[in-house]
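For this chain, numbers begin at 1 and follow the sequence in order. Not measured: the values here are computed from a predicted model. No hydrogens, no waters, no symmetry mates; every other heavy atom, side chains included, goes into these values.
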Amino acid sequence: MVYTYGSARLDYDFANGSIITAEGGLTNVKNDVVVTGIGRLNILEGNRPWGRLHFSSRNIDIQAWVERRTTPTQITALASGGRIIENSTMYQIEGQYNRSFLNNQVRVIIGGSQKIAHVDMDNTAMLGTKDYTITGGYAQLEYKPIKQLRFVATGRIDRTSYEKSRFSPRAAAVWTFTEGQSLRFSYNKAFLLPSTSEYFLRVLAGQVDLRALGINPTGPTRIFAMGNTNLVPERIEGYEVGYKGILLNNKLFVTIDGYSNKVKDFITDLLQGVNPAFPFGGAPAGLSDLIKHGSPANGIPAIPGLTVLPNGETIIALSYTNKGRVDERGVELGVNYYMNDYFLVTANWSYFDYEVKNQQAGDKLLPNNPKHKFGYSIRYRNPEIGLEAQLSGRTVQAFDWAAGVFAGHIPEYTLFNFSSSYEINQNYRLGVSVTNLLDRQAYQIFGGSIVGRQIIGSFTVSF
């Protein structure tokens, strides 16, 4: 695997405090392997050029960016040997305006965004090209009747080329009950759109020999992973309560947050027989029920995804559907302690739990997240000599993983990272970053790679 990347950035500061930023870059990757729901994909070569333009001032913030993804050669699906080509472009522009009134008691924020995507897989992972837009607009009102109390109400409307308009509300209240300490309460509803592949996927995922059942007697039966254009977004409704405190003469900062969520309409992994666009068919006369539902006594497996394409080919179709409801709850704790002017110690802990209320038969709803996670670090910073260094670590409890064809157990692991930089003068800075300092053999997703120690050096020029 070889990564080559470069970027450039230019910032211009206006006298009135406004800033304009222009940046862009290119990433080239060769012989990379990524994990997807249909198995590992080998990217023989891929390019990702991108650019961004950003303007910010006291009341206005506007940015626009463009990104392309191209594969000059191809992507190979390792499970099936299938060939995938991509030539996609995405554009996005977003803007925000804010204004305060009544001696800052009232603050109004309005904004919007427009995303335009052109997806071209050269008929290898989906048929034809797909052009879609995502349009969103929002407004937020903040009201502070007294110094100790602040209310926030937000509403957002989003619409896509493949979905009706959806409204996402949020409300919060922050009570500063004493100097440096506050409580926060909030409620929100949101949604997650299906991805382009979940809508339009059409890729070879493998093959199986079913000639003993009289299916495709001349050769293997191909297995295809198919999208579902009737999917709806996943939805979440949640409540949060939080505490933030500054203690011990501004040396100790503590945050505690708890939440409870209800998540609905999960998009399943790829399953057989869940998409009505691919009805059961292709079984020999008299064997349809046995093959659709299976017959262990006769050694016949259940193949509910057996179907016949419009071109007459009998295949097994894997696809997605919406099914599942889960209740989630968790707690997050963070502590920052300033030992003196140079040393900062931080620690955090998160707890997560869930309960599956219902799910699609054959699907396995897992959060792919441990019950307990711990993070910790110590940082040294001395502006007088231009030196900064940080040692950080995290410990992740063992947990089970399920995503597509990859399902298994991830053992507990602890990883340490180190970073440091030295400012030679106001124009030049040297830096080094070491990931997985002790070269621990651990993987963070099931089916993913074991990433060893990585060392990156940097040299920054400011002018």
Side-chain angles (χ1 to χ4, degrees), residues 56 58 61 96 98-109 111 138-156 168-190 236-263 327-354 367 369-381 383 388 390-397 417:
S56 65
R58 180 179 177 182
D61 190 283
Q96 182 185 101
N98 72 87
R99 186 75 180 271
S100 297
F101 305 92
L102 301 176
N103 294 322
N104 294 323
Q105 277 190 301
V106 177
R107 185 168 183 253
V108 176
I109 301 173
Y138 61 90
Q140 178 170 306
L141 175 65
E142 300 179 9
Y143 177 52
K144 198 171 184 179
I146 57 176
K147 181 180 178 181
Q148 296 82 6
L149 191 60
R150 180 165 65 98
F151 297 100
V152 180
T154 305
R156 180 182 178 100
S168 304
R170 181 178 182 272
V174 181
W175 175 38
T176 304
F177 57 90
T178 189
E179 185 68 27
Q181 299 188 59
S182 62
L183 288 173
R184 172 181 54 86
F185 307 89
S186 66
Y187 165 81
N188 71 87
K189 294 179 71 174
I236 183 170
E237 181 178 20
Y239 299 85
E240 297 181 26
V241 59
Y243 164 81
K244 183 181 293 185
I246 304 174
L247 310 166
L248 301 181
N249 295 321
N250 294 332
K251 286 188 174 183
L252 180 65
F253 292 74
V254 178
T255 60
I256 305 173
D257 296 286
Y259 61 88
S260 176
N261 298 325
K262 293 184 181 297
V263 191
D327 290 349
E328 302 174 340
R329 49 198 168 270
V331 177
E332 297 178 353
L333 169 66
V335 177
N336 290 4
Y337 179 65
Y338 289 85
M339 300 173 62
N340 51 44
D341 292 340
Y342 304 112
F343 285 97
L344 168 65
V345 177
T346 68
N348 59 75
W349 162 70
S350 67
Y351 168 81
F352 175 84
D353 197 13
Y354 72 103
N369 195 57
K371 182 164 286 191
H372 297 277
K373 288 189 293 187
F374 303 89
Y376 28 85
S377 72
I378 181 169
R379 188 189 75 182
Y380 172 81
R381 184 174 181 269
E388 183 173 337
Q390 178 171 291
L391 177 66
S392 62
R394 61 193 179 104
T395 298
V396 177
Q397 189 182 51
N417 304 316

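You'll find the side chain of Tyr337 reaches within 4.5 Å of the side chain of Lys251, heavy atoms only. The shortest side-chain heavy-atom distance between Val241 and Ile256 does not fall under the 4.5 Å cut-off. Using a 4.5 Å heavy-atom threshold, the side chains of Gln181 and Leu247 count as touching. At a threshold of 4.5 Å between non-hydrogen side-chain atoms, the residues Pro145 and Phe151 count as touching. The side-chain heavy atoms of Tyr187 and Glu237, taken from C-beta on, include a pair separated by under 4.5 Å. Residues Lys147 and Thr176 have side chains not in contact (no heavy-atom distance under 4.5 Å, counting atoms from C-beta outward). The shortest side-chain heavy-atom distance between Tyr380 and Leu391 does not fall under the 4.5 Å cut-off. Counting heavy atoms from C-beta outward, Asp257 and Arg184 have side chains that approach closer than 4.5 Å.
Counting non-hydrogen atoms of neighbouring residues, nucleotides and ligands closer than 6.0 angstrom, the CG atom of Asn340 exceeds 12 such neighbours.
In this structure, Tyr338 and Phe253 have perpendicular ring planes: the angle between them is above 60°, well past the 30° mark. Ring-plane geometry between Phe374 and His372 is classed as parallel, the angle between the planes falling under 30 degrees on a 0 to 90 degree scale with a further cut at 60.
Shortest non-hydrogen contact noted between Phe352 and Pro370 is CB-O, 3.9 Å. Of all heavy-atom pairs spanning Ala190 and Ser168, the tightest one is CA-OG, 4.1 Å. Nearest heavy atom pair, residue Arg394 against residue Val396, reads NH1-CG2, 3.9 Å.
Note that OG1 of Thr154 is 9.5 Å distant from OH of Tyr138, once rounded to the nearest 0.5 Å. Between the CZ atom of Arg170 and the CG atom of Asn188 there is a distance of 6.5 Å, given to the nearest 0.5 Å. Between atom CD of residue Gln390 and atom CZ of residue Arg381 there is a gap of 12.0 Å, rounded to the nearest 0.5 Å. A distance of 9.0 Å separates CG in Asn348 from CG in Asn336, rounded to the nearest 0.5 Å. In this structure, Arg58 CZ and Arg99 CZ are separated by 8.5 Å, a value rounded to the nearest 0.5 Å.
In this model, no donor atom of one side chain and acceptor atom of the other lie less than 3.5 Å apart for Glu328 and Tyr259.
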